[in-house]
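Below, read A as the first sequence line, B as the second, and so on, with proteins coming before strands; counting in each chain starts at 1. All heavy atoms count here, side chains included; hydrogens, waters and symmetry mates do not. This is a predicted model, so every value here is computed, not measured.
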Protein chains: 2
Amino acid sequence: MATGRTHRPATRSRGIPEATVARLPLYLRALTALSERSVPTVSSEELATAAGVNSAKLRKDFSYLGSYGTRGVGYDVEYLVYQISRELGLTQDWPVVIVGIGNLGAALANYGGFASRGFRVAALIDADPAQTGKLVAGLPVRHTDELEEIVDHNQVSIGVIATPAGAAQEVCDRLVAAGVTSILNFAPTVLSVPDGVDVRKVDLSIELQILAFHEQRKAGEDLGEAVAAARGALPKTAAEAVDRPGPDGDVPAVMPA
Amino acid sequence: MATGRTHRPATRSRGIPEATVARLPLYLRALTALSERSVPTVSSEELATAAGVNSAKLRKDFSYLGSYGTRGVGYDVEYLVYQISRELGLTQDWPVVIVGIGNLGAALANYGGFASRGFRVAALIDADPAQTGKLVAGLPVRHTDELEEIVDHNQVSIGVIATPAGAAQEVCDRLVAAGVTSILNFAPTVLSVPDGVDVRKVDLSIELQILAFHEQRKAGEDLGEAVAAARGALPKTAAEAVDRPGPDGDVPAVMPA
DNA sequence: ATGTCTTTGTGAACGCGTGCACAAAGATGG
DNA sequence: CCATCTTTGTGCACGCGTTCACAAAGACAT
């Protein structure tokens, strides 16, 4: 997981808990994979392991959406895909702008997972005039000067910030002023936005730091209680967790092949 | 924020709650910025707003680390930077391998926030022979065949997976078998790992879907209760939240400039 | 040395999220 | 039509995380 979560206090939106909303995309991904394999129905148990969660949790999550299952059988895959998509708002078109076309911005532009979920990259924007006009993922890079016009013209309500930290707040302000009300921020800064604007944050460095913390703890434990596990051998109980959720039909993030 | 959180049930490591650990990097970033501006001390209130959290929460978080503040004054910036760094394990060297050098992998390799936090990119690995030897961020891309040797030789315990979803589980298995015990996964798949291995997940598409959900809700609300806010105008109460946390001294994610 | 003022550290209450365990619902077979 | 078996939907209890509110602690001035 990443970091994010700069929402309004806890306005559980229309009764659906925030934690549930965060898991819906997970279920949707697993269901899409099943759908592509033409599996008609799935039990909460199967789907839960495929999504990497507890089956009781999954059932409770679905219960917030309504009673879409059949006792003794399970859930209809296609129907559930539709219901979750609709709940998440993926049945409509979401034009998105990406600001800051460096490696990360380019990775995002090329990311296949967007288009398949109703997200359409309306424009790529960068402050560097040398970049202007260059094609990235088939789209021409536009200059920051055009930001307001692009947002307004394409009715963009979701903006992605992949600029350096120093530029993030200004870009954010301009996006918001132009009409954007949801922002996905990859820059390592705390953005301040007016009320009513949602910000989610993804911070690569923070994720690594959290891993380092646990890693350090593990190392300390090993030293203190048992012999440091010989490197090269499988750690601790390598048994269990042998079940593999089937491969995911989703388009990868990036990379040649 | 991103998604992640595939930890062991809830093993609050040595009394420090998981939620607190996740915020420590946030505090550290804010403190580093203050340190660069040579600010000697900071109150919980100031630091909290800079990090974008509640001041009571911040004080409680710090109380888990010990009593590092001075009543009536605040916290010593330098001292706190050191304590948090030590707690997170950032005072030691963490060699990291990045597997999958596409746009995203390259973005990660170029990401400055790593080096400044004790993370050292030990190697870049890709399955495409055509990529082998190419320089990315000053490092030569190595072939997947060398994975085990690289991990073993460099004593790598943290691996970053930025491959397509289809390749992620195999890469994961090989990393774990070679001795990696912490994995940061960018591929849109649920990885299964043996006990004792930590996995954190960052899923770009999921973040956008969560934003879309709230966006849809906002749109529905506007339609239902009030006049749809005229696009182009600042939404709702544009007042408040005018305080700006100072610019962050951190090195940006990517992008030319 | 004493009083005042600031800011920390934390006890306690509250709310959300999780997981158990089971009753209700429906499918399926005879 | 009845019995059995599977699987959902949920009431309930528990634990973590958040927030309030305040007492204790120290700085600082007089």
Problem - Options C:dT18, D:dT19, D:dG9, nucleotide nearest the side-chain atoms of B:Asn54 - result: D:dT19
Exercise for the section: Using atom CZ of B:Arg23 as one end and atom P of D:dC16 as the other, report the distance to the nearest whole Å. Expected result: 15 Å
Practice task
Would you tell me if any nitrogen or oxygen in the side chain of B:Thr70 comes within less than 4.0 Å of OP1 or OP2 on D:dG26?
Solution key: no
Fill in the blank from the handout: Nearest heavy-atom contact between B:Gly196 and A:Lys218 is O-NZ, 3.1 Å
Fill in the blank from the handout: B:Lys57 has its side chain closest, among D:dA23, D:dT8, D:dT19, to D:dT19
Practice task
Would you mind reading off the distance between B:Asp61 atom CG and C:dT10 atom C1', rounded to a whole angstrom?
Solution key: 13 Å
Exercise for the section: Find the distance B:Phe62:CZ to C:dT8:C1' and express it as a whole number of Å. Expected result: 12 Å
Practice task
Using atom CD of B:Glu18 as one end and atom C1' of D:dG17 as the other, report the distance to the nearest whole Å.
Solution key: 12 Å
Practice task
State, yes or no, whether a side-chain contact exists between B:Ile161 and B:Phe186 at a heavy-atom distance under 4.5 Å.
Solution key: no
Problem - Between B:Thr32 and B:Glu36, a side-chain donor and acceptor under 3.5 Å - result: no
Practice task
Would you kindly give the OH-to-C1' distance between B:Tyr64 and C:dT10, to the nearest whole Å?
Solution key: 10 Å
Exercise for the section: Give one of base, sugar-phosphate or nothing for A:Tyr75, where a contact means two heavy atoms less than 4.0 Å apart. Expected result: sugar-phosphate
Exercise for the section: Please check if any side-chain donor atom of A:Thr189 sits under 3.5 Å from a side-chain acceptor atom of A:Gln169, or the reverse. Expected result: no
Practice task
Can you check whether any acceptor in the base of C:dG19 is under 3.5 Å from a donor in the side chain of A:Lys60, or vice versa?
Solution key: yes
Problem - Heavy-atom side-chain proximity of B:Gln216 to A:Leu88 below 4.5 angstrom - result: no
Exercise for the section: Figure out the CG/P separation between A:Leu58 and D:dT7, and round it to whole Å. Expected result: 14 Å
Exercise for the section: Mark yes or no for a side-chain to base donor-acceptor pair under 3.5 Å between A:Arg71 and D:dT7, with no hydrogen or angle criteria applied. Expected result: no
Practice task
Return the set of residues passing side chain to side chain donor-acceptor pair (under 3.5 Å) with A:Tyr68 (not counting sequence neighbours), or none when no residue passes.
Solution key: A:Gln83
Handout entry: Terminal axis angle for the helix from C:dA1-D:dT30 to C:dG30-D:dC1, five pairs an end, nearest 10 degrees
Key = 10°
Exercise for the section: Starting from C1' on D:dT7, measure out to OH on A:Tyr68 and report it in whole angstrom. Expected result: 19 Å
Exercise for the section: Examine D:dT18: is either OP1 or OP2 under 4.0 Å from a nitrogen or oxygen in the side chain of B:Arg59? Give yes or no. Expected result: no
Handout entry: Upstream residue (5' side of DNA chain C) when B:Ser43 and A:Thr20 are each assigned their closest nucleotide
Key = B:Ser43
Problem - Near-ring test A:Phe114/A:Tyr111, centroid separation under 6.0 angstrom - result: yes
